[in-house]
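Let me begin by presenting the structure, written as structure tokens, before commenting on it.
One-based numbering along the sequence shown.
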Amino acid sequence: MHIDVLTLFPEMFNGVLQSSILKKAQDKGKFTYQLVNFRDYTVNKHHKVDDYPYGGGAGMVLTPQPVFDAVDAIMKGKESKPRVVLMCPQGETFNQKKAEELANEEHLVFICGHYEGYDERIREYLVTDEISIGDYVLTGGELGAMVVMDSVVRLLPQVLGNDTSAPQDSYSTGLLEHPHYTRPADFRGMKVPEVLLSGNHAKIEEWRKNQSLQRTYQRRNDLLHDYPLTEKEKQLLNEWNTNK
């Protein structure tokens, strides 16, 4: 996978991209990236990338020319079209399903805005996806792009040390992940559940599934609306509802 990021503040990405899983993914040759300061593409003699909105109103709006020209430069000589992701509060809320979808792409382009917003023609004629990481407003799209990049790159094959890690993550299965324990088995009188020490893998798997379901029921009940429950799981939910 290759990722291009259009940003006015490329220096913001250095720490994130040169650390942890994203750095390891690059070292393994699983993805490459390019940070593009789209201010470099403006034809404005003052290197401005924003202007006052037509019709008046507060704030400044990113002009289309530098963004379009930057994307044109990225695409020069390439046959396939990338997914062009606009980071904005109006986009669809990012989730694990979207991360899995984007992880299947070979080329992603992220556009990180600032100021009051984008000229609508960027949205209409350039972008394939609009993404928000939550119902709040950030200073710019950079932090959101970093979140999405991290979430997507870790799903690429052989990026994580254990290929079963990502499929078992919270939201990947449709439920929140079960509790985890490690050594020591008894820490200050707080003990690991006996079933995890039993060596009975069938019982351990059953315990984990039940814990995952219960944790989702308690913390994110909304996720169960579209989850395909088995008859046994439905029975467990009824028991938990009864014992509330």
Applying side-chain contact (heavy atoms from CB on, under 4.5 Å), run through H107 and M75 and close with a yes or a no.
-> CA-CA 10 Å; H107 187 187; M75 291 306 301; 4.2 Å; yes
### Verdict with supporting geometry, T93 and D135, side-chain contact (heavy atoms from CB on, under 4.5 Å)
CA-CA 8 Å; T93 304; D135 296 338; 4.3 Å; yes
Is there a side-chain contact (heavy atoms from CB on, under 4.5 Å) between M87 and I133 once you walk through the steps?
CA-CA 8 Å; M87 301 304 303; I133 62 167; 4.2 Å; yes
Exercise. Which is it for Q65 and D69 under the side-chain hydrogen bond (donor to acceptor under 3.5 Å, both in side chains) test, yes or no, and what are the steps along the way?
Worked result: CA-CA 6 Å; Q65 177 270 314; D69 283 3; 2.7 Å; yes
Stepwise side-chain contact (heavy atoms from CB on, under 4.5 Å) check, V16 with D150: CA-CA 9 Å; V16 172; D150 181 272; 5.7 Å; no
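Note on L176 and W207: separate hydrophobic clusters, where clusters join Ile, Leu, Val, Met, Phe, Trp and Tyr whose side-chain heavy atoms are under 4.5 Å apart, directly or indirectly. At a threshold of 4.5 Å between side-chain heavy atoms, the hydrophobic network of Ile, Leu, Val, Met, Phe, Trp and Tyr places V67 and Y125 in one connected group. Linking ILVMFWY residues whenever their side-chain heavy atoms come closer than 4.5 Å, directly or via other members, leaves I204 and L236 in distinct clusters. A single hydrophobic cluster is not seen to contain both V127 and V61; linkage of ILVMFWY side chains at heavy-atom distances under 4.5 Å, directly or through other members, places them apart. Residues F187 and L197 do not share a hydrophobic cluster, clusters being chains of Ile/Leu/Val/Met/Phe/Trp/Tyr side chains in contact below 4.5 Å.
Within the 4.5 Å cutoff, side-chain heavy atoms of N14 are placed close to those of L35. Taking the side chain as every heavy atom from C-beta outward, Y33 and Q26 approach each other to under 4.5 Å. Residues L229 and L213 form a side-chain contact, since some pair of their non-hydrogen atoms from C-beta on lies under 4.5 Å apart. Looking only at side-chain heavy atoms (C-beta outward), V49 and N44 stay at 4.5 Å or farther from each other. Taking 4.5 Å as the limit, every side-chain heavy atom of V148 sits out of range of all side-chain heavy atoms of V85. You'll find the side chain of L62 reaches within 4.5 Å of the side chain of F38, heavy atoms only. Residues M12 and C112 have side chains not in contact (no heavy-atom distance under 4.5 Å, counting atoms from C-beta outward).
Separating the CD atom in Q96 from the OG1 atom in T173 is a distance of 9.5 Å, to the nearest 0.5 Å. Separating the CG atom in D4 from the CZ atom in F110 is a distance of 10.5 Å, to the nearest 0.5 Å. For the atom pair OG (S198) and CG (L196), the distance works out to 7.5 Å, reported to the nearest 0.5 Å. Here T63 contributes atom OG1 and F68 contributes atom CZ; the two are 10.5 Å apart, rounded to the nearest 0.5 Å. Between atom OG1 of residue T216 and atom CD of residue E177 there is a gap of 10.5 Å, rounded to the nearest 0.5 Å. For the atom pair OG1 of T32 and CD1 of I3, the computed distance is 8.0 Å after rounding to the nearest 0.5 Å.
Shown here for L175 and S212, the closest heavy-atom pair between the two residues is CB-OG, 3.4 Å. Closest of all the heavy-atom pairs between E130 and R123 is OE1-NH1, 2.6 Å. Contact record, F94 with A99: CZ-CB, 3.6 Å, taken as the closest heavy-atom pair. Closest approach of G113 and Y118 over heavy atoms only: N-OH, 2.9 Å. The nearest pair of heavy atoms linking S132 to G91 is CB-O, 3.7 Å. Closest heavy-atom contact between P10 and N37: CD-ND2, 4.0 Å.
Atom CD of E106 has 12 or fewer neighbouring heavy atoms from other residues, nucleotides or ligands inside a 6.0 Å radius. Atom NZ of K30 is surrounded by more than 12 heavy atoms from other residues, nucleotides or ligands within 6.0 Å. Residue-environment remark: CD (E120) exceeds the threshold of 12 foreign heavy atoms within 6.0 Å. Residue K78 qualifies as enclosed at atom NZ: its count of foreign heavy atoms under 6.0 Å is above 12. Heavy atoms from other residues, nucleotides or ligands lying under 6.0 Å from OH of Y227 number more than 12. Counting non-hydrogen atoms of other residues, nucleotides and ligands closer than 6.0 Å to NZ of K48 gives a total above 12. Counting non-hydrogen atoms of neighbouring residues, nucleotides and ligands closer than 6.0 angstrom, the NZ atom of K98 exceeds 12 such neighbours. Counting non-hydrogen atoms of neighbouring residues, nucleotides and ligands closer than 6.0 angstrom, the OH atom of Y136 exceeds 12 such neighbours.
Note on E206 versus K232: salt bridge recorded, some NZ/NE/NH1/NH2 to OD/OE distance being below 4.0 Å. At a threshold of 4.0 Å, the pair K23-D27 counts as salt-bridged, since one of the basic side-chain nitrogens sits closer than that to a carboxylate oxygen. Here E124 does not pair with R121 in a salt bridge; the nearest charged N to carboxylate O distance is not below 4.0 Å.
The side chain to side chain contact (heavy atoms under 4.5 Å, CB included) test with F31 is passed by exactly one of V152, L108, L22, V159: L22. Each of M146, Q34, M149 was scored for a side chain to side chain contact (heavy atoms under 4.5 Å, CB included) with V5, with one residue passing: M149. The side chain to side chain contact (heavy atoms under 4.5 Å, CB included) test with V36 singles out one residue from V109, I74, I111, and that residue is I74.
In this structure a side-chain-to-backbone donor-acceptor pair under 3.5 Å is present from R39 to H47. S19 places a side-chain N or O within donor-acceptor distance of the main-chain N or O of G15, the cut-off being under 3.5 Å.
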